[in-house]
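When a ligand or atom number is given, it counts from 1 through the structure's own listing order.
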Amino acid sequence: MKRILVTGAYGQIGTELIGVLRKKYGGENVIATGRKKPPEILTKDGPYYRLDILDENQLHTMLVDHDIDIIIHNASVLSATGERNPQLAYRTNVEGSYNILEAVRILNLDQALIPSSIAAFGPSTPQDNTPNDVIMRPTTMYGVTKVFVELLGEYYTKRYDLDFRSLRYPGVISSEALPGGGTTDYAVEIFYEALKNKKYTSFLAKDAMLPMMYMPDCLKCTVDLMEADASKLVHRSYNITAMSFTPEDIANEIKKHIPEFEIDYEPDFRQEIAETWPRSIDDSVAREEWGWTPDYDLTSMTKDMLEKLSKKLGVKY
Ligand code: SER
């Protein structure tokens, strides 16, 4: 059985990914790590350790002590926080990923899966149906660091035969843990506000269309890519998507369940970030090379989110 270490385990994706991996690989074989005190969900079925990825010695010791085969490096500073603190984003995303790749090389581990993002694209990228292989000149610190991670990982694959894999996550919608510091976070906040207050003020404009994905699909593509047969992977960094919508579209979908729901718009600096990203993504390369296909669209995601979140919040609609 492979032994997997996940960084950023208490983040939006990590929190749910740990559960899925532990079910599949056994609780003791999935090591959750992060810099903070973990929520209970991360400690009940397996180990959680504090880990600072900028501390190379601590990282190497942990990988050796726990006999790790695969690292999923989820710790990252997202787009909005990255614009507030570019230096922090640089250190965490660039130096942290470098440390991970170096550790995987030196200790000869099986695989490093380090996510990328739609933020790796920029204003000169074609915004509709953005292809996998296309110009990438992002204008946010987060985007710059993600292009770096893709290129560095692919360099390590070519130079050292290291098994690097990456997914360009779109905005991810989830009911368990909240996202932190991203431009697509509105698509999660809107559900909490719709259930609690029946109104929401969007920090993105009415027509800001972005690629998105529901958490079950996000977990599925992460595990599928991790498990994909290496001989099938021509690329190493993959576009993935499930749907594209605007704040107005998602509000209209929510109104089908909560007719009195109201939305207004007060775009802030995150709107400028959104304008530089793709509106929709062509993920045919992931579909061809490792069989990616999403299960949820806007309609099924909205229905499921409202059901799950209303139970969690104890609010009827
Ligand atoms: N959800 C991320 C963000 O908004 C995109 O990868 O920063």
Inset, instruction - Would you mind running through ligand 1 and noting each atom that sits below 4.0 Å from a heavy atom of Leu78? - result: 7 (O)

Inset, instruction - May I ask you to check if ligand 1 and Thr183 share an N or O to N or O distance below 3.5 Å? - result: yes

Legend entry - Any N/O pair Ser79/ligand 1 closer than 3.5 Å: yes

Inset, instruction - Check whether any side-chain heavy atom of Glu227 lies under 4.5 Å from a side-chain heavy atom of Lys24, and answer yes or no. - result: yes

Inset, instruction - Return the residue, atom name and 0.1 Å-rounded distance of the protein heavy atom closest to atom 1 (N) of ligand 1. - result: Thr184 OG1, 2.8 Å

Legend entry - Location of contacts on Tyr186 toward ligand 1, heavy atoms closer than 4.0 Å: neither

Inset, instruction - Mark yes or no for whether Arg165, through its side chain, and Met226, through its backbone, hold a donor-acceptor pair below 3.5 Å. - result: yes

Legend entry - Numbered atoms of ligand 1 (with element) below 4.0 Å of Ser117, judged on heavy atoms: 5 (C), 6 (O)

Inset, instruction - Tell me, please, whether Phe164 has Arg236 positioned over its six-membered ring: NZ or CZ under 6.0 Å from the ring centre and within 45 degrees of its axis? - result: no

Legend entry - Shared-cluster residues of Leu88, by chain and number - hydrophobic side chains joined below 4.5 Å: Val77

Legend entry - Non-neighbouring partners of Glu95 that pass salt bridge (Lys or Arg N to Asp or Glu O under 4.0 Å), sequence neighbours left out: none

